[in-house]
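Here's the structure, in structure tokens; my notes come after.
Start at 1 and go down the list; that is how both ligands and their atoms are numbered. Just so it is clear, the model here is predicted, and its values are computed rather than measured.
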Amino acid sequence: MSRKKSSLQVLMVASEVAPFAKTGGLADVAGTLPRALSELGCKLCIVMPFYNRFLEGMMVEGPVVENLPVPIDSRVIGAEIYRGQVNEAIDIYFVRRDEFYDRSYLYGTPKGDYFDNCQRFIFLCRATLSLCPAVEFQPDLVHCHDWQTGLVPAYLKLLSGDKDFWAQTASVFTIHNIAYQGQFGAELFPMTGLPGSFLSVEGMEFWGGMNFMKAGIVSADVLTTVSPRYSEEIQTKEYGHRLDGVLQAQREKLFGILNGADYEEWNPETDSFIAANYSRENLDGKTICKLNLLRTVKLPERIMNRPLLGVISRLADQKGLDLLATVMEKIVGEDVGLVILGIGDERYQTLLTEMAERHPEKIAVHLDFDERLAHKIEAGADIFLMPSRYEPCGLNQMYSLRYGTVPVVRATGGLYDTIRDFDPKAGEGVGFSFTDYEPEAFWDAIKMALSFFYKTQTWQLIMKNGMAMDFSWESSARQYLALYEKAVDSKRKRVSQIRKAKSKARKKL
Ligand code: ADP
């Protein structure tokens, strides 16, 4: 793996980037990976939409480019480009077009997706290509994240000529979640501006419609996903969401790289959101955090001496909320507390609220997106639950480990890769996992965790094992950089071969 400083120019494109706008782990990755790459020498820029409501109060200047021409459909419409800073070294450009991005949510309301997501994200992809020459940033490589940016690799491959600004630019496409694919009717295809031949089985055609994720998968030079286990799972029928065949066909260019955790933000020793700081060497502060959490969510202080379980999650099927709902009936039969922070599908919001109303002395539910409370839960809970149906990487289990909050997880995707079961004989392991997607299996794993809770010394050992684990970004960033370098090298070789062949052909004429 490369140890020397890189000089690559890399453009990241994502539909959400922390701290500017976030619905989940994608934003954490898009906000943190650039910083880790910058430490390794890369020159980075990021592009994301200008979501008016989310950028209020953020340091954003501009417009730095006015009326940037962006082709969409058969028209060319204007975007205003604003600029912010991830740190001193990394600029982030925001693509502003209020009809597309001035909304209450990023992708849709609790009732469903926005009707015009197709246009919204074609616009983002095409604006990205217009923006780079305008701000004079010529990337060696563009790294695109999830379906919202899936058309960028297709544009690079199909629309750039060999003398174009983009001719030498390689592309990487990262799948953060294969379930969200950006599928739209074929009648909208002309809006993309891509050649008609791309609406084919080899291109972005998918069951008669079009699929942005597939466009990224088939077009990018390199494909990655966010854990080694998930890179294998998505090639199977069970996890592939009907793209398993496509991914099998592309497996030579598919790599699994585990996400890192941002320990500048998630560190109990320095966290300013929590009631007291603490460390692996001195856990005293965690007790203060637990009391503070109980008071914050209005659960009885009696639970100070009982296990307090925590959940922070998007309320979506993926996260195993049906298992959680079934198991909650059993949890309320135990002498424990449960605090849940989440936002998402209406039916889960209703279900969880009803449970909390029936058992206010045991269950607290906060239907909100609240970063401060998320930190308080990581610090104040004893056990963290993640019964995901699938989990590409998962970040909360990594944060939980660092905060000494013992994870109980379903062994899938990144949860499989990061959580080793506690083995009492060896004194090793950091959590408790289960395999079958069944409430009984989940409940058994919770009971196993509860059975160790009162064995104070053993429990502290499990906590400390977890707190010693290190998922910092540096090692993941090095793996990305190695892939970038390979992709850029082979792209340059290919372009130079094409150019040589063309000039040979010209000489012959
Ligand atoms: P996913 O990206 O599938 O939602 P991850 O575990 O990868 O799941 O990342 C979730 C991120 O979003 C974590 O940083 C988590 O703390 C945060 N998060 C999720 N829901 C909430 C919420 N309701 N309030 C605050 N933070 C949340």
Problem set entry | Candidate with minimal heavy-atom separation from atom 14 (O) of ligand 1, of I312, D28, L395 | D28
Identify the protein heavy atom lying closest to [atom], giving its residue, its atom name and the separation to 0.1 Å.
atom: atom 1 (P) of ligand 1; result: K319 NZ, 3.5 Å
atom: atom 15 (C) of ligand 1; result: N396 ND2, 3.4 Å
atom: atom 27 (C) of ligand 1; result: F369 CE1, 3.4 Å
atom: atom 4 (O) of ligand 1; result: R314 NE, 2.8 Å
atom: atom 10 (C) of ligand 1; result: G25 N, 3.7 Å
atom: atom 12 (O) of ligand 1; result: K22 CE, 3.5 Å
atom: atom 24 (N) of ligand 1; result: D370 N, 3.0 Å

For this session: Please could you name the atoms of ligand 1 that G24 approaches to less than 4.0 Å, counting only its heavy atoms?
Result: 2 (O), 4 (O), 11 (C), 12 (O)
Exercise. Counting from 1, what ligand 1 atoms have a heavy atom of D368 closer than 4.0 Å?
Worked result: 22 (C), 23 (N), 24 (N)
Would the [X] and [Y] ring centres measure less than 6.0 Å apart?
X: F20; Y: Y51; result: no
X: F442; Y: F434; result: yes
X: F432; Y: F452; result: yes
X: Y390; Y: Y239; result: no

For this session: Evaluate the ring planes of W266 and Y399, with Trp represented by its six-membered ring, and classify them as parallel (under 30°), tilted (30 to 60°) or perpendicular (over 60°).
Result: parallel
Exercise. With under 30° as parallel and over 60° as perpendicular, where do the rings of H375 and Y403 fit, or are they tilted in between?
Worked result: perpendicular
Problem set entry | Close approach, E378 and ligand 1, non-hydrogen under 4.0 angstrom | no
Exercise. Any non-hydrogen atom of G342 lying under 4.0 Å from ligand 1?
Worked result: yes
For this session: Answer yes or no: does atom CD of Q85 have more than 12 heavy-atom neighbours from other residues, nucleotides or ligands under 6.0 Å?
Result: yes
Problem set entry | NZ or CZ of R120 within 45° of Y114 ring axis and under 6.0 Å | no
